[in-house]
Amino acid sequence: MNPFEYERARDAAGAVAAVTGRPGAAFLGGGTNLVDHMKLGVASPDLLVDVTRLPFDRIEPLPDGGMRIGAAVRNSDLAADPAIRARYPVLAQALLAGASGQLRNLATTGGNLLQRTRCVYFQDVTTPCNKRAPGTGCPAVEGYTRYHAILGASEHCVAVHPSDMAVAMAALDAEVVVLGAHGERRIAVVDFYRLPGEAPQDDTVLRHGELITAVELPELPFADHSSYRKVRDRASYAFALVSVAAALDVEDATVRDVRIALGGVAHKPWRASKAEAALRGTPATAGSFRQAAEAELADARPLRGNAFKIPMACNTLVSVLHELIRDKNAKDRAR
């Protein structure tokens with residue numbers, strides 16, 4: 001690990017100024033990803049600005065009916081919050097599907113959004129990697145690809161984003177609130193992340209020195225009828241091969257509205273807009289669900305070791321939508 005300076009921020013403006021003024025500086029929250037990368041040599045900041053004492057650790061209702069989640073809220077606290085569990089169960093389920101209990105107790109909302117890919121080539125500094133060292137190549141294209149992208153990849157990078165929480169937030173139309181040298185701005189989660197293109201080293205649209213202060217969830221009347229499912233190689237402490245976050249609004253056996261995002265398939269949480277469009281106004285049947293899933297995956301471009309992800313993603317999406325229909329029918333019968 002390279003030597004570095006440490007500074008504890010007294011306020012958000014001071015934290016932003018400290019990092020903005022040093023090209024090699026970084027914010028430190030829970031540190032569950034950054035510190036690992038410093039030990040591996042993947043990251044080598046020369047200044048860490050500790051933002052854990054800033055007042056961003058609350059979960060609060062918004063006047064418009066949504067919820068504001070402070071960037072310093074721990075993942076375990078967010079997953080256990082009664083309002084989140086009742087109104088946005090997909091988010092609570094996604095958080096509980098990620099990492100381990102110990103890590104969730106330490107990891108923050110802002111840090112979860114900013115965690116980096118777990119591609120084995122990115123984390124191994126003895127191998128080339130365009131994301132870690134731009135211009136050196138992407139050995140994953142012809143290498144080990146089981147966990148890699150089938151949507152939105154480029155010849156420069158085929159890595160996927162690892163966050164479960166971000167997939168649920170993408171489905172919920174969440175916005176990321178950031179503070180920078182020029183003030184505050186809001187960025188939709190679906191626009192917060194980048195596809196790799198020719199610059200895979202840039203995971204997000206954040207400018208250097210911008211600090212995540214909160215995430216805001218809009219009021220979504222049918223978000224309480226939502227679910228998250230993660231398909232992985234083992235039952236705990238494993239990243240997604242495929243994941244699905246979905247919220248479904250059905251009236252008289254017809255899909256009135258729907259929100260869907262996929263994880264484990266792209267460089268960013270993948271909002272399934274084609275599937276959503278295909279489902280609205282159609283019968284809530286297995287055939288409709290299957291057609292919508294296939295429409296979303298029609299543009300998939302698998303690598304030689306991960307073609308299985310296409311049927312896996314289709315089947316998982318269909319299964320999650322079926323589960324939501326079963327849950328709704330059971331609740332209707334209980335009334």
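These numbers come from a predicted model, not from an experiment. Positions are given from 1, in the same order as the sequence printed here. Note: hydrogens, waters and symmetry copies are ignored here, and every other heavy atom, side chains too, is used.
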* **H161/F239 aromatic ring centres below 6.0 Å** => no
* R146/D233 ion pair, N-O < 4.0 Å -> yes
* For residues E296 and E276, determine if any side-chain heavy atom of one lies less than 4.5 Å from a side-chain heavy atom of the other. => no
* To do: Kindly compute the distance separating CD1 (I69) from CD1 (I212), expressed to the nearest 0.5 Å.
  => 12.0 Å
* Classify the side-chain pair D252/T254 by whether it contains a donor and acceptor separated by less than 3.5 Å. => no
* Cation-pi between R232 and Y237: NZ/CZ under 6.0 Å from ring centre and within 45° of the ring axis? -> no
* I would like to know whether M67 and R87 meet side-chain contact (heavy atoms from CB on, under 4.5 Å); could you show each step before the answer? => CA-CA 10 Å; M67 297 288 292; R87 297 180 54 193; 3.5 Å; yes
* To do: Using the side-chain contact (heavy atoms from CB on, under 4.5 Å) rule, take V141 and Y121 through it: C-alpha gap first, then chi angles, then the decisive distance, then the call.
  => CA-CA 11 Å; V141 172; Y121 302 102; over 6 Å; no
* Asked: Got more than 12 heavy atoms from elsewhere within 6.0 Å of CZ, R118?
  -> yes
* Asked: In this structure, which one of T117, T136, D203 forms a side chain to side chain donor-acceptor pair (under 3.5 Å) with K131?
  -> D203
* To do: Indicate whether the side chain of Y88 and that of S226 have a donor and an acceptor atom separated by less than 3.5 Å.
  => no
* To do: Examine the side chains of N112 and S163 and answer whether a donor and an acceptor come within less than 3.5 Å of each other.
  => yes
* **Salt bridge present between D173 and R271 (N-O < 4.0 angstrom)** => yes
* Is the shortest heavy-atom distance from the side chain of E323 to the side chain of V318 under 4.5 Å? -> no
* Asked: For atom CZ of R53, is the number of surrounding heavy atoms from other residues, nucleotides or ligands below 6.0 Å larger than 12?
  -> no
* Indicate yes or no: does D332 engage K328 in a salt bridge with an N to O separation below 4.0 Å. => yes
* When the ring centroid of Y193 is compared with that of H267, is the distance short of 6.0 Å? -> no
* To do: Any chance you could lay out the side-chain hydrogen bond (donor to acceptor under 3.5 Å, both in side chains) test for S76 and N105, step after step, and finish with the verdict?
  => CA-CA 5 Å; S76 55; N105 286 340; 3.0 Å; yes
* Hey, are R290 and N315 close enough side-chain-wise for a donor-acceptor pair under 3.5 Å? -> yes
* Asked: Do you see a donor-acceptor pair shorter than 3.5 Å between the side chains of T316 and S319?
  -> no
* **For D249, the option from V258, L220, D257 that meets side-chain contact (heavy atoms from CB on, under 4.5 Å)** => D257
